[in-house]
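Heavy-atom basis, side chains included; hydrogens, waters and symmetry copies ignored.
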Amino acid sequence: MIMSRIEAPHDHVTGRLVDRLLAGLPAEAVLTDPDVTVSYAHDMAGFCPAGTPAVVVLPRTVDQVRHVMRTATELRVPVVPQGARTGLSGGANASDGCVVLSLTRMDRILEIDPVERIAVVEPGVVNATLSRAAGEHGLYYPPDPSSWETCTIGGNIGTASGGLCCVKYGVTAEYVLGLDVVLADGRLMTTGRRTAKGVAGYDLTRLFVGSEGSLGIVVRAVLALRPRPPRQLVLAAEFGSAAAACDAVCRIMAGGHVPSLLELMDRTTVKAVNDLTRMGLPESTEALLLAAFDTPDPAADLAAVGALCEAAGATQVVPAEDTAESELLLQARRSSLVALEAVTGTTMIDDVCVPRSRLGDMIEGVERIAERHRLTIGVVAHAGDGNTHPTVCFDAQDPDESRRARASFDEIMALGLELGGTITGEHGVGVLKKEWLAREIGPVGVEMQRGIKQVFDPLGILNPGKLF
């Protein structure tokens with residue numbers, strides 16, 4: 001294993017490390033107080049081990065990042081890059097004795113070009129900040145993870161994040177045109193392009209997207225923008241079974257429709273949202289499907305989709321008449337994860353993507369897993385992508401319930417693979433799904449990916465213990 005070369009530094013080594021870092025960083029950028037550094041130890045994932053960092057650094061410039069990596073290479077110290085730590089797979093968790101490299105202070109939007117339709121940003125820019133800045137130019141940055149108000153572009157690139165609009169606009173990887181990356185030894189490499197087209201050499205840009213900081217440190221990104229679309233209108237359709245709702249999804253996609261959003265909430269989630277928000281959603285429904293269009297004539301598109309939902313067995317179809325009603329309907333979906341957290345206080349959010357045609361089998365299978373383990377598991381899904389988020393609710397203070405929660409999580413991933421899917425659609429692998437990555441890609445795939453890791457990071461100092 002590459003990572004076996006890394007050892008947690010002893011106190012005298014930590015002192016030397018800090019001295020070397022301070023030679024190229026201002027004192028306020030180097031944090032060593034254990035009461036402070038411990039707060040950088042992990043992201044938002046549960047069941048993921050996290051070590052104790054030796055130091056946390058918060059650079060503001062590319063040269064400062066390069067200094068950190070040169071120092072880490074010289075002293076053979078692991079480096080764990082972090083953004084806002086909103087991840088759900090442990091990909092940003094510290095390892096013992098590491099340098100946590102927090103990029104949140106590199107938060108400048110360097111350029112927005114309406115002619116080329118690109119933005120050039122540093123990794124600490126918050127997703128929502130970029131979206132609003134692009135909007136001032138009549139442009140649109142589509143990727144919108146649920147944590148878009150706090151998550152950073154660097155973190156989105158590291159995990160290849162998705163969001164609610166992916167069914168029409170795609171995921172982060174489709175918007176990253178070029179990168180500046182600091183390699184493990186401190187060298188600076190530029191990949192990709194600023195132009196609308198470009199196919200020179202291997203696509204190293206795409207290689208870094210989703211690599212979870214294991215190949216290099218992204219310090220600048222060239223991102224594609226789109227013209228800002230019209231305001232979307234939303235339709236809500238109730239179904240007496242998850243299978244009927246999933247049949248409607250298949251009819252919509254097979255019919256050539258291109259919704260800007262196609263989301264599903266199962267009965268457990270609907271009840272949780274009602275309990276938390278008192279929104280008055282119909283608890284008699286087994287599945288609630290939300291469809292949206294941002295086309296020039298969204299009402300006509302909603303009418304066509306509403307007819308398909310009725311043909312699939314919808315018990316009620318309610319199209320919004322204006323954007324205010326649309327936002328009210330979407331608020332139910334946006335509240336779902338918070339509502340499920342309120343059920344027992346702790347959740348594990350799975351992220352399994354299956355073919356759209358198997359979406360109903362996935363939801364029904366999760367229901368059986370919940371019954372078998374005597375747990376509450378709500379399912380929300382980016383239905384247009386087949387990307388499900390089964391959310392396991394449990395009491396973290398109850399050892400037996402925690403054990404059953406972890407067992408159910410693993411069974412859900414196994415179910416996804418059985419249905420021809422993948423273990424993650426947008427949350428990444430991190431620590432949580434290392435075993436499952438190996439199962440999905442097989443031994444040859446693991447060998448090839450470790451070989452790529454060896455090329456970029458021969459000492460194994462970048463985010464050790466993640467992915468493999």
Side-chain angles (χ1 to χ4, degrees), residues 1-25 29-34 36-43 45 48-59 64-83 85 87 89-104 123 154-155 158-159 181-187 208 210-219 428-432 434 437 449-468:
M1 291 286 292
I2 297 170
M3 306 308 164
S4 64
R5 303 181 190 179
I6 303 305
E7 297 179 0
H10 302 293
D11 289 343
H12 71 280
V13 177
T14 301
R16 184 183 176 204
L17 169 64
V18 171
D19 289 343
R20 289 285 291 111
L21 290 170
L22 287 171
L25 291 164
V30 181
L31 309 180
T32 58
D33 184 341
V36 176
T37 58
V38 70
S39 65
Y40 289 83
H42 56 82
D43 62 17
C48 293
T52 302
V55 60
V56 175
V57 296
L58 297 103
Q64 289 175 359
V65 175
R66 297 184 69 185
H67 172 70
V68 172
M69 295 313 306
R70 284 193 292 261
T71 300
T73 292
E74 175 190 343
L75 300 180
R76 305 298 196 263
V77 177
V79 176
V80 176
Q82 291 183 347
R85 304 195 309 280
S89 66
N93 284 13
S95 54
D96 283 334
C98 75
V99 173
V100 164
L101 180 58
S102 174
L103 299 160
T104 54
T159 58
V181 181
V182 175
L183 300 177
D185 59 7
R187 288 179 295 167
F208 280 99
S211 66
E212 302 187 29
S214 65
L215 301 179
I217 311 297
V218 172
V219 291
V429 175
V431 177
L432 190 62
K434 287 169 59 175
L437 174 63
Q449 296 209 16
R450 284 180 175 165
I452 293 170
K453 168 73 169 173
Q454 178 74 40
V455 169
F456 283 92
D457 183 22
L459 298 176
I461 65 174
L462 280 171
N463 215 7
K466 313 298 165 48
L467 293 171
F468 311 116

Report yes if the side chains of [X] and [Y] come closer than 4.5 Å at any heavy-atom pair, otherwise no.
{"X": "Leu58", "Y": "Leu31", "result": "yes"}
{"X": "Thr73", "Y": "Ile461", "result": "yes"}
{"X": "Lys453", "Y": "Ser214", "result": "yes"}
{"X": "Val65", "Y": "Leu103", "result": "yes"}
{"X": "Pro49", "Y": "Asn93", "result": "no"}
{"X": "Leu21", "Y": "Val68", "result": "yes"}

Taking all non-hydrogen atoms of both residues, which atom of [X] and which atom of [Y] are closest, and how far apart?
{"X": "Ala94", "Y": "Val100", "answer": "CB-CG2, 4.0 Å"}
{"X": "Ala54", "Y": "Thr14", "answer": "CB-CG2, 4.0 Å"}
{"X": "Gly90", "Y": "Val431", "answer": "O-CG2, 3.5 Å"}
{"X": "Gly51", "Y": "Ala41", "answer": "O-CB, 3.8 Å"}
{"X": "Pro78", "Y": "Pro464", "answer": "CB-CG, 3.5 Å"}
{"X": "Glu212", "Y": "Ser89", "answer": "OE1-OG, 4.4 Å"}

I need the [X] [atom1] to [Y] [atom2] distance, nearest 0.5 Å.
{"X": "Leu183", "Y": "Leu462", "atom1": "CG", "atom2": "CG", "result": "8.5 Å"}
{"X": "Asn463", "Y": "Cys98", "atom1": "CG", "atom2": "SG", "result": "8.5 Å"}
{"X": "Leu459", "Y": "Glu74", "atom1": "CG", "atom2": "CD", "result": "12.0 Å"}
{"X": "Arg66", "Y": "Asp185", "atom1": "CZ", "atom2": "CG", "result": "9.0 Å"}
{"X": "Lys434", "Y": "Lys466", "atom1": "NZ", "atom2": "NZ", "result": "9.0 Å"}
{"X": "Leu101", "Y": "Tyr40", "atom1": "CG", "atom2": "OH", "result": "11.5 Å"}

Exercise. side-chain contact (heavy atoms from CB on, under 4.5 Å) between Leu75 and Arg16: does it pass, once the steps are laid out?
Worked result: CA-CA 9 Å; Leu75 300 180; Arg16 184 183 176 204; 3.4 Å; yes

Problem set entry | Option from Arg187, Met69, Arg70 for which side chain to side chain contact (heavy atoms under 4.5 Å, CB included) with Val182 holds | Met69

Seminar exercise, completed: side chain to side chain contact (heavy atoms under 4.5 Å, CB included) with Leu17: of Thr71, Val30, Thr32, only one passes, and it is Thr71

Exercise. Would a distance-only check, ignoring hydrogens and angles, find a side-chain to backbone donor-acceptor pair under 3.5 Å from Gln64 to Leu25?
Worked result: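 Checking the backbone N and O of Leu25 against the side chain of Gln64, no donor-acceptor pair under 3.5 Å is found.
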
Exercise. Has the side chain of His42 got a donor or acceptor atom that lies under 3.5 Å from a matching backbone atom of Ala50?
Worked result: no

